[in-house]
Amino acid sequence: PRPREGPCGDLVMKYVAMLSVEVVPDVVVTSGLERTYPPGLLLGRVSQVHTGPGLFKEIVVASSARFDSLEEVLVVTSSLRDDATPQSLR
């Protein structure tokens, strides 16, 4: 079955390596590796894992944010400094 969007817009991670291990209800956070978002921001929890194209799978993440009732948001306006990335992620 294909991932379907939930009532609050579940997040779909595409092209995840088939050999990676994700199980319901693993926590999904930002890594900080691309230096776009700070590391450790909670995105949600794995709710479904599906076979994707070729050697990949798709993971459906139940968002930790309720987009239908947001009152405030954080806007990230610049990249992280080199020294802001945790040593374990460099």
CE on Met13 to CD on Glu22, rounded to 0.5 Å: 6.5 Å

Taking every non-hydrogen atom, the tightest pair across Lys57 and Ser20: NZ-O, 2.5 Å

Taking every non-hydrogen atom, the tightest pair across Ser47 and Ala62: OG-N, 3.9 Å

Inter-residue atom distance Arg45.CZ - Leu11.CG, 0.5 Å rounding: 14.0 Å

Those residues that, when tested against Val29, pass side chain to side chain contact (heavy atoms under 4.5 Å, CB included) (two or more places apart): Val27, Leu42

Remaining members of hydrophobic cluster (4.5 Å side-chain criterion), Phe56: Tyr15

side-chain contact (heavy atoms from CB on, under 4.5 Å) between Val23 and Val49, intermediate numbers included: CA-CA 7 Å; Val23 294; Val49 179; over 6 Å; no

Approximate separation, where rounding is to 0.5 Å, of Lys14 NZ and Ile59 CD1: 13.5 Å

Beyond-backbone contact of Val46 with Val28, side-chain heavy atoms, under 4.5 angstrom: yes

